[in-house]
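Structure first, then comments.
Throughout, protein chains are lettered first and strands after them, A, B, ... in sequence-line order, and every chain is numbered starting at 1.
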Amino acid sequence: MPEGPSILILREEVERFVGQKVQRAEGNARIDIAVLQGRTLTAVRSWGKQLLLELDGVTVRVHLLLFGSYAIDTRKDRPPRLSLGFASGEVNFYNCSVRLLEAPADTLYDWRSDTLSDQWDPALTLARLRDLPDMLICDAILDQQLFAGAGNIFKNEVLFRIRVHPLNTLGALPGEKLEELVAEVRQYAFDFLAWKKAHVLKQHWQAHRQHTCPRCAIPFSKAKLGRNQRRSYYCEHCQLRYG
DNA sequence: TGGTTTGTTGCAGC
DNA sequence: AGCTGCAACAAACC
C-alpha cells in the first residue's frame, strides 16, 4: 500500500468521519486505546507515509510500513490493529504501526519536505541536497527527511525519468540535474496519485519491476543498492554516471 | 510454488 | 557513546 500518495488517498477516505465521535475503539495496538473512546475526530492529516488522526488534542499516528492495510466499513479476516467506529461507519487498520504522538504534529513534522504538501518547498530541498554531497542519489530519494512520502517506486521511476544512474553521489551531479531531481519527485508524486486513483499505477511503470529499458530496449540492471539495499531497476546505457 | 516486496524500528554487537 | 547491520513484522503479488 504505502507510499505517500496511497496515504493521501487513505486520508481522503477517512476524512468523511471528521466531526464524528469515536463510539467504539478497539484493536491490538500497543497504545492505550481506551483513551480514544468518546473523542471527536477533529482532523485527518498526513506527512509522507504517515497518517495522523487528530482526536480532541490527541494525535494517533498510523504507519502502514510494508505490509499494512486498511478497510473502511468492511473487515478483514484477522484482528485489527486499530478499529474506530463512528456513527456513519468504521475504519480498520491491520498490520501497521500505531502510536500516540507525544507532541503536537506541527512541532514534530516539517510540512515543507512532504512531497505532496501545499507547503512543499523545492528551494529548501535543493539546499538540503547540496549539503549532502556524499549521499548516493538512490538513498537521497528514500530519505524521508528530504522527500517525505517517496519510496522505492519513486526512486526507480524518478531516476529513470531524469536519466540518472542510482549510484551517483549528489555532489557528482550537475546543478541542473539536482533541480530536475527535486522537480521530478514532486511531479511523480502527483502522477502516482492520479494513476493510483484510476487503478492504473502499475501499467505506467517504466522502470520499477521492468525487465527491458523502454528507451533503448536493452535489459534493465536489477540490483540491491545503497544504505538499505533496496531493489533498483535501471538502464546502464540511458541512466548516466557523472563525476 | 515460493521468493520478493510501495518500510521502519529496535536492539545486539562492536 | 555512537555506529552498523540484521531480525522482526506478516501478506499480496508475480
Side-chain angles (χ1 to χ4, degrees), chain A residues 1-13 27-31 46-52 60-71 74-83 92-102 105 108-110 113-116 132 134-136 138-161 166 184-212 219-234:
Chain A
M1 289 302 318
E3 295 196 26
S6 301
I7 302 307
L8 185 56
I9 291 167
L10 165 58
R11 169 181 154 195
E12 289 172 355
E13 290 184 55
N28 57 24
R30 288 189 293 236
I31 61 166
S46 58
W47 184 85
K49 300 163 188 169
Q50 307 184 27
L51 180 74
L52 305 171
V60 179
R61 193 209 75 171
V62 177
H63 198 310
L64 298 180
L65 300 177
L66 194 53
F67 305 118
S69 63
Y70 64 93
T74 59
R75 294 188 180 206
K76 301 201 170 195
D77 183 22
R78 75 191 89 108
R81 181 73 27 93
L82 177 66
S83 174
N92 302 299
F93 299 100
Y94 302 90
N95 310 325
C96 55
S97 164
V98 175
R99 297 206 328 223
L100 298 180
L101 293 193
E102 305 288 331
L108 296 175
Y109 298 102
D110 185 349
S113 49
D114 183 335
T115 54
L116 285 160
L132 297 164
D134 297 329
M135 184 181 272
L136 293 177
C138 62
D139 287 332
I141 297 172
L142 296 175
D143 188 318
Q144 298 301 293
Q145 300 309 312
L146 295 169
F147 295 107
N152 207 37
I153 298 172
F154 272 66
K155 180 194 74 181
N156 289 319
E157 293 299 309
V158 168
L159 289 176
F160 181 76
R161 285 178 170 201
E184 205 60 58
V185 172
R186 172 79 166 176
Q187 178 61 50
Y188 187 69
F190 286 96
D191 288 345
F192 187 128
L193 179 63
W195 288 330
K196 181 83 181 180
K197 282 183 174 175
H199 308 289
V200 293
L201 178 66
K202 292 181 188 182
Q203 58 190 264
H204 288 280
W205 286 345
Q206 295 186 91
H208 186 71
R209 295 208 190 186
Q210 304 306 299
H211 298 286
T212 309
F220 269 125
S221 297
K222 177 180 165 187
K224 293 185 177 181
L225 305 180
R227 216 166 34 190
N228 296 321
Q229 295 287 290
R230 300 296 305 278
R231 184 78 72 185
S232 284
Y233 297 83
Y234 55 100

How many whole angstroms separate atom [atom1] of [X] from atom [atom2] of [N]?
X	N	atom1	atom2	result
A:Ile141	B:dT6	CD1	P	14 Å
A:Phe93	C:dA11	CZ	C1'	18 Å
A:Gln210	B:dT6	CD	P	12 Å
A:Leu142	B:dG7	CG	P	7 Å
A:Phe147	B:dT8	CZ	P	15 Å
A:Arg230	B:dT5	CZ	P	9 Å
A:Asp139	B:dT8	CG	P	13 Å
A:Ile9	B:dT6	CD1	P	17 Å

Do the side-chain N or O atoms of [X] get closer than 4.0 angstrom to the phosphate oxygens (OP1, OP2) of [N]?
X	N	answer
A:His208	B:dT6	yes
A:Lys49	B:dT8	yes
A:Gln144	B:dT8	yes
A:Tyr188	B:dT6	no
A:Asn152	B:dT6	yes

Which of parallel (below 30°), tilted (30 to 60°) and perpendicular (above 60°) describes A:His204 and A:Trp195?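 Correct class here is parallel.
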Parallel, tilted or perpendicular, as decided by the 30° and 60° cut-offs, for the rings of A:His208 and A:Tyr233: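 Plane angle over 60°, so perpendicular.
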No-hydrogen, no-angle side-chain donor-acceptor test under 3.5 Å, [X] and [Y]:
X	Y	result
A:Ser97	A:Arg81	no
A:Arg186	A:Thr115	no
A:Lys224	A:Ser232	no

Are the charged groups of A:Glu3 and A:Lys155 less than 4.0 angstrom apart, N to O?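 Result for this pair is no, no salt bridge flagged.
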Separation between CG of A:Leu52 and CZ of A:Arg11, rounded to the nearest 0.5 Å: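 Nearest 0.5 Å value for the CG-CZ distance: 9.0 Å.
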Does the structure place the NZ or CZ of A:Arg161 under 6.0 Å from the centre of the six-membered ring of A:Tyr188, at an angle of no more than 45° from the ring's axis?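 Here A:Arg161 fails the 6.0 Å and 45° test against A:Tyr188.
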Which nucleotide in the set B:dT5, B:dT8, B:dG7 lies at the smallest distance from any side-chain heavy atom of A:Tyr233?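 Among the listed nucleotides, the one closest to the side chain of A:Tyr233 is B:dT5.
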Write down the distance separating the C1' atoms in B:dT6 and C:dG5, rounded off to the nearest Å.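 Comparing C1' positions in B:dT6 and C:dG5 gives a spacing of 23 Å.
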Gap in Å between the two P atoms, one belonging to B:dT1 and one to C:dC9, rounded: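 So the two P atoms sit 25 Å from each other.
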Dot-bracket encoding per residue of DNA chain B, Watson-Crick/G-U cut-off under 3.5 Å, | denoting interstrand: .||||.||||||||
Using the rule side chain to side chain contact (heavy atoms under 4.5 Å, CB included), only one of A:Leu64, A:Leu10, A:Val98 pairs with A:Leu51; which is it?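 It is A:Leu10; the other options fail the test.
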Does A:Gln206 use its side chain to pair, donor to acceptor, with the backbone of A:Phe160 at less than 3.5 Å?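 Between the backbone of A:Phe160 and the side chain of A:Gln206 there is no qualifying donor-acceptor contact (under 3.5 Å).
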Given protein heavy atoms under 4.0 Å, the one-letter contact record of nucleotides 9-14 of chain B, with B base, S sugar-phosphate only and - none, is simply ------
Nucleotides 12-14 of chain C: which of its N/O atoms have a protein N/O under 3.5 Å away?
unit_1, atom_1, unit_2, atom_2, d
C:dA12, OP1, A:Arg78, NH2, 3.2

Flag yes if more than 12 heavy atoms outside A:Glu102 fall under 6.0 Å of its CD atom; otherwise flag no.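 Atom CD in A:Glu102 is not crowded, with 12 or fewer foreign heavy atoms closer than 6.0 Å.
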Can you confirm whether more than 12 heavy atoms, excluding those of A:Arg78, are under 6.0 Å from its CZ atom?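 Counting neighbours around CZ of A:Arg78, more than 12 heavy atoms of other residues, nucleotides or ligands fall under 6.0 Å, so yes.
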Closer to the 5' end of DNA chain C via nearest nucleotide, is it A:Cys96 or A:Arg227?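 Final value for this comparison: A:Arg227.
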